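The block underneath contains the structure these notes are about, expressed in structure tokens.
Sequence lines set the chain letters: A, B, ... in the order given, protein chains first and strands last, and positions in each chain run from 1. Just so we're clear, the structure is a prediction, and the values are computed from it rather than from any experiment.
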2 protein chains.
Amino acid sequence: MKRTTIKDLAEMLNISTSTVSRALKDHPDISSSVKLKVREAAETFNYVPNDFAVNFRKKSSKVIGLIVPEITMFFIPSIINGISSVLNKEGYHFFILSSNDSFETEKEHLETCINSRVDGVLISLTNETKDIDHLLKLKEMEIPAIIFDKTVSQNIFQSVIFDNIRNAELCADKLIDHGCKNILAIFGDENLEITQSRLVSFENRMKHFPAINLNIIYCKSADQVKEKLDLLLDDDSIDGFFAMSDETLMGLHSSLIKRSLNNTNRKVVSISEGTLPKYLDETYDYQVNDGNEMGIFAAKQLLTSIKNEASGARETETVVHRL
Amino acid sequence: MKRTTIKDLAEMLNISTSTVSRALKDHPDISSSVKLKVREAAETFNYVPNDFAVNFRKKSSKVIGLIVPEITMFFIPSIINGISSVLNKEGYHFFILSSNDSFETEKEHLETCINSRVDGVLISLTNETKDIDHLLKLKEMEIPAIIFDKTVSQNIFQSVIFDNIRNAELCADKLIDHGCKNILAIFGDENLEITQSRLVSFENRMKHFPAINLNIIYCKSADQVKEKLDLLLDDDSIDGFFAMSDETLMGLHSSLIKRSLNNTNRKVVSISEGTLPKYLDETYDYQVNDGNEMGIFAAKQLLTSIKNEASGARETETVVHRL
DNA sequence: TTGAAAGCGCTACCAA
DNA sequence: TTGGTAGCGCTTTCAA
């Protein structure tokens, strides 16, 4: 099916394509009589502007690539909400690309982004990603990029992360204030930067209280939490739990429920990125990392970079934004 | 920054752009010596193919528009996983557009899809959407579309839905088999087709057992479930619960926990679209609607339609696929 | 106030 | 086996 184009309209009305183009966007140069004619014809022949062609001509795709390590229920929905609220308002769209926790896939997705000429990239790294060499190409091609949430230490790209140190400390304080004496702390994948920073600050805080017995376990998934707890909960004396994320909390909650250990005088404290936790148990205490807020912030930063890039202004410093 | 183009390469090597283009894609017509030269130059000057231009030329964006009523943690992650697994394999990408439960926004997103020349649309309708007049334009423009999950009755587009009737019946049976005598059934938004079909079949099944006392409530959100249950749970005699979705179950779970009513001899049965529920309480019983599966199925159907469209084959019949 | 024409990067047809 | 060229749909400069 042939779609009506500006050229079609021009031929029908015996005027030039440039006039039609200008009339359609209400350019002041064009007389109102011509504008009227053009608009009528456009209406009649069901003309639909081809943004694809416009963007091609303007050398800007108006598309952002969003690369995430995996699509989870804990973080992705809130981050997507944040990102789209910012991008849609500005006429941008975004591809969502999941690395499925594979470094190779992450590299492929970056290729994809470059090939399809995205205007910018928002990326959260996989567990397997140890450096950002594969991101350097973005710099070469002058494609603005922001790393968010899961990152490695680097000083090339702006990054947006939660203030893990502060949050883990606050959680430790909550347990301490509550008078817990025997604490089980549940962390995620030991190799993640995000785990390490939470771990270190949590432990540091605890060190000031040598009377408190602290046990630490690492679990790569909620299921693994359940497995490990099936044994550990035999220890009745645990009076405080720390979960470093929604996912670990999920496993903990499940195990507690199973043994009817909820709603007792145990204290459960967790860092949370999502909206889910408020439905688990009202006695749980959260330190909230708002994924929505992070999405909004990261997207805004990216748009700023894109505008700077366009105006020729070079970025001067690499910033780590802590939320 | 000027990116290397095929033209650049052609000028450097003093050959034509057509030769470069063909060499780059290993066309059999081109001599291997030329191919080598071209590939070397491409490598040296960091040539990156411009898919955007290719697609423009080929009049196919390789992009699918995914329009959803809202971005929830219950359904969206699984559906996205299903969709991307199919689309990425075939070289397609997708925009995700959230209607935020607004009919107007839904219409705008459809415009966006049409304007940016997506090759196809996957859409789940908002609560406010009562007919599909606004989708008709897709037909006019010959853009293939599949409606999934939330739909209205129509016979223009293919649709993919869960077998709500069967699933609600099975849930009713579970409660009946368990010997429940006083059942509370929690449904979602009363106006949704999805609610109605589950409601009708659930009630029909129950009608065969007049001895069972059945109470029904409607709640638009998990929070509303919590509110209503705060009163209703005073009735200690409820021995069976039905939640029509993950979201309603979430509210129910929260209320039960709060009163320490979990792990008793109450039976909780729910229809579920996600992975979350398995962490709530192992005694809950689920009838699973697999979002991942739905995403895969819908995406495959769409790709088939796109290929048919391209080959000029007209669709003959409109099918409702029940999973 | 309007038009002619170039060109974004690439492909594909037709010729040589 | 290679090159010339038209053209996808649109914008924009320059000229009229």
Side-chain angles (χ1 to χ4, degrees), chain A residues 1-39 41-42 45-63 91 114-119 141-143 310, chain B residues 1-39 41-42 45-63 91 114-119 141 310:
Chain A
M1 180 221 193
K2 177 93 175 68
R3 285 124 69 157
T4 309
T5 68
I6 281 190
K7 199 175 160 197
D8 296 333
L9 257 29
E11 281 168 5
M12 288 166 171
L13 300 172
N14 270 317
I15 54 179
S16 73
T17 57
S18 26
T19 305
V20 175
S21 172
R22 284 184 282 233
L24 249 16
K25 54 171 57 65
D26 210 19
H27 192 103
D29 275 1
I30 305 294
S31 71
S32 45
S33 63
V34 171
K35 278 182 189 167
L36 194 66
K37 268 200 326 194
V38 170
R39 278 200 277 254
F45 295 97
N46 200 18
Y47 169 76
V48 175
N50 186 336
D51 286 350
F52 198 41
V54 173
N55 289 335
F56 175 57
R57 166 67 225 245
K58 293 195 177 160
K59 290 173 154 238
S60 133
S61 61
K62 288 282 183 180
V63 171
I114 292 172
N115 289 0
S116 37
R117 296 293 194 272
V118 298
D119 288 348
M141 311 281 302
E142 293 177 10
I143 300 174
Chain B
M1 177 220 195
K2 176 97 174 64
R3 295 173 203 207
T4 310
T5 68
I6 281 190
K7 199 175 161 196
D8 296 332
L9 257 28
E11 280 167 6
M12 287 165 173
L13 300 172
N14 269 316
I15 54 179
S16 74
T17 57
S18 24
T19 305
V20 175
S21 171
R22 283 183 285 229
L24 249 18
K25 54 169 59 66
D26 210 19
H27 191 106
D29 276 1
I30 305 294
S31 70
S32 45
S33 64
V34 172
K35 277 182 191 169
L36 194 66
K37 269 200 326 197
V38 171
R39 277 199 279 254
F45 296 97
N46 200 17
Y47 169 77
V48 175
N50 186 336
D51 286 351
F52 198 42
V54 174
N55 291 334
F56 176 56
R57 167 69 226 241
K58 293 195 178 163
K59 292 174 153 236
S60 134
S61 60
K62 288 282 180 179
V63 171
I114 292 171
N115 290 359
S116 38
R117 294 295 192 271
V118 297
D119 288 347
M141 312 282 300

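Each of dC10(C), dT1(C), dT12(D) was ranked by its minimum atom distance to the side chain of D29(A); first place goes to dT1(C). When each of dG9(C), dT2(D), dA4(C) is scored by its nearest atom to the side-chain atoms of K59(A), the top-ranked nucleotide is dG9(C). Of the candidate nucleotides dC10(C), dC10(D), dC8(C), dC8(C) has the atom nearest to the side chain of F56(A). Here dT1(D) is the nucleotide among dT1(D), dC10(C), dG9(D) with the atom lying nearest to any side-chain atom of S31(B).
Side-chain N/O atoms of R117(A) and base N/O atoms of dG9(C) include no donor-acceptor pair closer than 3.5 Å. Donor-acceptor pairing under 3.5 Å, judged by distance alone, is present between the side chain of S18(A) and the base of dA4(C).
Taking for each of Y47(A) and V34(B) the nucleotide of DNA chain D with the nearest heavy atom, the 5'-most of the two is the partner of V34(B).
The phosphate of dG3(C) (OP1 or OP2) has no side-chain N or O of T17(A) nearer than 4.0 angstrom. For the OP1/OP2 pair of dT2(C) and a distance below 4.0 Å, the side-chain nitrogens and oxygens of T19(A) include no atom meeting the criterion. One finds no side-chain N or O of K7(B) lying less than 4.0 angstrom from the OP1 or OP2 phosphate oxygen of dG7(C).
What separates CD1 of I15(B) from P of dC10(C) is a distance of 14 Å, to the nearest Å.
Within 4.0 Å (heavy atoms only), N50(A) reaches sugar-phosphate atoms of the nucleic acid but no base atom.
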